[in-house]
Every structure is written in C-alpha cells, then in structure tokens.
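A short worksheet on the structure shown next.
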Amino acid sequence: MPVQLPPELTPVRKLTEWSIDPYALALIVLACAAYLLGVRRVRLAGENWPAGRTIAFCAGGAGLAFIATSSFLAVYWPVLFFVRAFQTVVLLLAVPLFIMLGLVFFWTLLRVDPVPRQYPYLVALWVTAAEVVGDAALGLSVIVDRNLIAGGYYHALGRPWGPSLASDQVLGGGALWILGDLIGLPFLAAVLIAMIREDEHEAKVIDAELDAADQPGADEAEAKPWWVADPRFSDRFAPVESKIPDQD
C-alpha cells in the first residue's frame, strides 16, 4: 500500500500536524486509569503514595507516549528517517524512564522503595554506562554508513521536499546518539547521587558505632582491637611483665 506523502515539514507543522491513533490513545487512557485506581486503593489503605510518581507516570510517561503516537512524529515517521529515529528513542527510552520509576529495571537499581535484592550501585553504573555507549555506537554507525538504510523504500516514496536521503539518515543517527545519551545521563546522575548518599549513611552508622564504643562503661572487650581478642595472637600482645619468668 503506497504511503500518502504529507505536506513539507516546517516548524509550524511540527505543532499543527497531528494524527491521533485511537488504539494507542485507548491504551494510554486505560493505563492511566489503572494506575490512578491503584493509587486510590493504596491511599484508602492508609499508605502514602508520592504525587511526584503519579505525575511522572501520567504526565511524563503517558504524555510522551501520546505525543510520540499522535503528534507530527506519527504523521512524518513513514517518510522521514530522522523522525522515525526520534520517535523510536522517545518510545523505547523516554517513556519507560517515567512509567517504570520504581518498577523492574529502575526499581531494582535506584531502590526508591525496599527491594527483595539490592544490587550494588556499581552494577547500575556499569549497565547505564553501557547503555550510553551503546546509543552512541548505534548512532555513529548510522551516521558513517554509506549505504542507505531501507534505501529502496525511501527511494520509492519520491519525497520532493526536505533533506536528501543521505542527510536524512545522518540526522537520524544524530537523534539516536544525542537523544539516547541525553536520556541516559540523568539516570546515571541519579545512580551516582544515590551511591554517594548510601556511602554517607554508612559512614554515619560507622561513626555512631565508634562513638558508642568510646563512651565510658562500654564493653572493654568490644573496645579492644580484634587482634588482641584473637587467641592466635593474644599471647603476642600480653604485657611484658607477664612474660618474665619468676626468678624465685
């Protein structure tokens, strides 16, 4: 089925050209309704649910999903490679970043709520860094590729306006690279901040334990160095007087 070419994409048409997908819209509305129903049940049970998470899901995740499937992105992705790349980044990276906060990948790594298994923050740093590098590698590979991706399809469109097919592909590679990193870097920063806060908390706990050990009346055995209490080394650190044999 041939694709009907839309009019030339201009800055004004980026705001005015919309094509609402009823199936995508219905799915987004149902997801928001189910989320709000869950929030209501949590609050009726006497638990607190931060308003920021509701805003992140409904305005951030669902809002971006609606824009990606109904705005000019939905109108021009069949005819412009860079628009398709932009839409892909939004749907695969930006939307999950908002709707999954506290769930699955982000939930287990950021640990906003108590989790059954706590992975070290270094794991999150490596995973996030790999994702950032992967986006850059993919984008650069698209930019330097001399062969047109889906060249036959785009040649058959015969688009008379906009960038050339080669320039369109370069713009698409740039979108994959730059937008992917822009989305990944905030999560990397969040992991770093969480790791720093955890280290500060552990340092305070250790300081409190040391202060308690130094208080008068603290257990003398607990205040001694570990090697003094170890039977393998305790004799080496005995008072000198006790080691001198009796001359009588």
Show the atom names and distances, to 0.1 Å, of all donor-acceptor pairs under 3.5 Å that link a side chain in residues 137-146 to residues at least two apart or in another chain.
| unit_1 | atom_1 | unit_2 | atom_2 | d |
| --- | --- | --- | --- | --- |
| Ser141 | OG | Ala137 | O | 3.2 |
| Ser141 | OG | Leu138 | O | 2.6 |
| Asp145 | OD1 | Asn147 | N | 3.0 |

Show me, pair by pair, the donor-acceptor contacts under 3.5 angstrom made by side chains of residues 71-84, not counting sequence neighbours?
| unit_1 | atom_1 | unit_2 | atom_2 | d |
| --- | --- | --- | --- | --- |
| Ser71 | OG | Ile67 | O | 2.5 |
| Ser71 | OG | Leu73 | N | 3.3 |
| Tyr76 | OH | Pro7 | O | 2.7 |
| Trp77 | NE1 | Ala74 | O | 3.4 |
| Arg84 | NE | Tyr154 | OH | 3.4 |

Donor-acceptor contacts, no H, no angles, side chain residues 27-48, under 3.5 Å, sequence neighbours left out:
| unit_1 | atom_1 | unit_2 | atom_2 | d |
| --- | --- | --- | --- | --- |
| Tyr35 | OH | Trp49 | NE1 | 3.1 |
| Tyr35 | OH | Arg53 | O | 3.3 |
| Arg43 | NH2 | Trp49 | O | 2.8 |

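A donor-acceptor pair under 3.5 Å is absent between the side-chain atoms of Glu8 and the main chain of Trp161, judged by distance alone.
Listed by chain and residue number, nothing satisfies the side chain to side chain donor-acceptor pair (under 3.5 Å) test with Thr54 (two or more places apart in sequence, or in another chain). Scored by the side chain to side chain donor-acceptor pair (under 3.5 Å) test, Thr16 finds no partners at all (sequence neighbours excluded). Scanning for side-chain contact (heavy atoms from CB on, under 4.5 Å) contacts around Ala136 gives Trp177, Asp181, with sequence neighbours left out.
With contacts defined as side-chain heavy-atom distances shorter than 4.5 Å, the pair Val12/Glu17 does not qualify. For the pair Leu91 and Pro96, the minimum side-chain heavy-atom distance is 4.5 Å or more.
Taking all atoms of both residues into account, the shortest heavy-atom contact from Leu148 to Gln169 is CA-OE1, 3.3 Å.
Atom CZ of Phe66 has more than 12 neighbouring heavy atoms from other residues, nucleotides or ligands inside a 6.0 Å radius.
Criterion: ILVMFWY side-chain heavy atoms under 4.5 Å apart, direct or through other members. Under it, Val95 and Leu25 are not part of a common hydrophobic cluster.
Note: Leu93 CG to Leu64 CG = 11.5 Å, rounded to the nearest 0.5 Å.
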